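Just so we're clear, the structure is a prediction, and the values are computed from it rather than from any experiment. To find a chain, count down the sequence lines: A is the first, B the second, and so on, and within it residues start at 1.
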Protein chains: 2
Amino acid sequence: MKKNAEVNASPICQARMTGISDAMSLLSGKWKLLILGTLICGVKLGYMDLLREVGGIGTKMLSKELQDLEMNNLISRTVKDTKPVTVEYAITDYGKTLEPLIDELAKWGISYRQSVINEWTMTAEG
Amino acid sequence: MKKNAEVNASPICQARMTGISDAMSLLSGKWKLLILGTLICGVKLGYMDLLREVGGIGTKMLSKELQDLEMNNLISRTVKDTKPVTVEYAITDYGKTLEPLIDELAKWGISYRQSVINEWTMTAEG
DNA sequence: ACCATTAGTTTCCTATTGGAAAGTACAGTC
DNA sequence: GACTGTACTTTCCAATAGGAAACTAATGGT
């Protein structure tokens, strides 16, 4: 019988799935992980620096994503009283807890690209 | 001077950013990582099993995401000649290379949820 | 004949995401 | 007084993502 039984939903598995959803709700979208990656890679960056570093992003998305990330305490925003004013964005300690995740993502992406290039080469050769 | 200079774009950093983008192009969206997580967690699952396990997903999204994942060789699809036909979805060896990433994501999500619960408790107490 | 089950596809709709361009505000430079 | 630079916000629009419901198709059970 076992109609509609959950085949696989051990408590551990369930918690993992909730974890994945929770994490994605903070990190989803095209830009957040790239912004965090940029800030983790380097030092403090100004708004215009980020606009240049995060290739392709526009002002609206950058502002919005920075606000989201700041609200979740993943980055900090500091207004310096230079003339003209500059703002420094930096990764917070809490944001740094994402480093292993972002490392894995970058690593996987790099090896994925390599595997595509290899397929290619094989096809061209074979 | 240094107008429009790229402050932070070391070659390593650049490669990481490309990696992040590449990985996200395969894994973006609400469901792919949950489906992969479910298949990594367990054994082979049928379509209806996945529909039950991946809470909230509908038939359209499940079909589409399964196709995407299969196309990228992250999961396998095997039609069994039972009556009525059943289909077994399983993670591939290549899909398993995402395990560290998915583990990190789940782990981070779980600890994030815990930190929110703690804030909460503190507020209620304080 | 009718219902159930597996595995989908198709249609129609809404919501979210993302982007381009222009505008705001303030201060220093030529 | 015009232009440059930083740091945004606002508006308007297009594309994509996502969801509910109905439908197809094959087969077995009652």
Inset, instruction - For DNA chain C, determine which residues of residues 57-67 of chain B have any heavy atom closer than 4.0 angstrom to one of its atoms, and list them numerically. - result: B:T59, B:K60, B:S63, B:Q67
Legend entry - Letter per nucleotide, 5' to 3', of nucleotides 23-30 of chain C [B base touched, S only sugar-phosphate touched, - untouched; heavy atoms, 4.0 Å]: ----SS--
Legend entry - Rounded interatomic separation in angstrom, taking CE from B:M48 and P from D:dT27: 19 Å
Inset, instruction - Verify the contact: side-chain N or O of B:Y47 to OP1 or OP2 of C:dT9, cut-off strictly under 4.0 Å; return yes or no. - result: no
Legend entry - Contacts of B:D103 that satisfy salt bridge (charged side-chain N to carboxylate O under 4.0 Å, His left out) - sequence neighbours left out: A:R16
Inset, instruction - Send over the distance from A:R52 CZ to D:dC8 P, rounded to a whole Å. - result: 14 Å
Inset, instruction - Starting at OG1 of A:T121, measure out to CD of A:Q114 and round the result to the nearest 0.5 Å. - result: 8.0 Å
Legend entry - Nearest listed nucleotide, side chain of B:K30, among D:dG19, D:dA7, C:dT6: D:dG19
Legend entry - All side chain to side chain contact (heavy atoms under 4.5 Å, CB included) counterparts of B:Q67, not counting sequence neighbours: none
Inset, instruction - Identify, with sequence neighbours excluded, every residue that meets salt bridge (charged side-chain N to carboxylate O under 4.0 Å, His left out) alongside A:D81. - result: none
Legend entry - Flag, side chain of A:T97 to backbone of A:D93, donor-acceptor distance under 3.5 Å: no
Inset, instruction - May I have the distance from A:D49 (atom CG) to D:dA7 (atom P), rounded to whole angstrom? - result: 7 Å
Legend entry - Residues that B:S25 engages under side chain to side chain contact (heavy atoms under 4.5 Å, CB included), provided they are two or more places apart: none
Inset, instruction - Look at the side-chain N and O atoms of B:R77 and state whether any lies under 4.0 Å from the OP1 or OP2 oxygen of C:dG8. - result: yes
Legend entry - Which residues share a ring pair (Phe, Tyr, Trp, His ring centres under 6.0 Å) with A:W31, sequence neighbours left out: none
Legend entry - Between D:dG18 (C1') and B:L51 (CG): distance, integer Å: 15 Å
Legend entry - Integer-rounded Å distance: D:dA17 P and B:D68 CG: 9 Å
Inset, instruction - Rounded to the nearest angstrom, tell me the gap between atom CD in B:E88 and atom P in C:dT6. - result: 14 Å
Inset, instruction - Would you please name every residue forming a side chain to side chain contact (heavy atoms under 4.5 Å, CB included) with A:M24, sequence neighbours left out? - result: A:I20, B:L33, B:L34, B:L105
Compile the donor-acceptor pairs under 3.5 Å between side chains in residues 58-66 of chain A and protein atoms, sequence neighbours left out, one pair per line.
| unit_1 | atom_1 | unit_2 | atom_2 | d |
| --- | --- | --- | --- | --- |
| A:S63 | OG | A:Y47 | OH | 3.1 |
| A:S63 | OG | A:T59 | O | 3.1 |
| A:E65 | OE1 | A:K32 | NZ | 3.4 |

Inset, instruction - Measure from CG on A:L45 to P on D:dC8 and round the result to the nearest Å. - result: 13 Å
Inset, instruction - Take the protein atom CG of B:L33 and the nucleotide atom C1' of D:dA17, then report the distance between them rounded to whole Å. - result: 16 Å
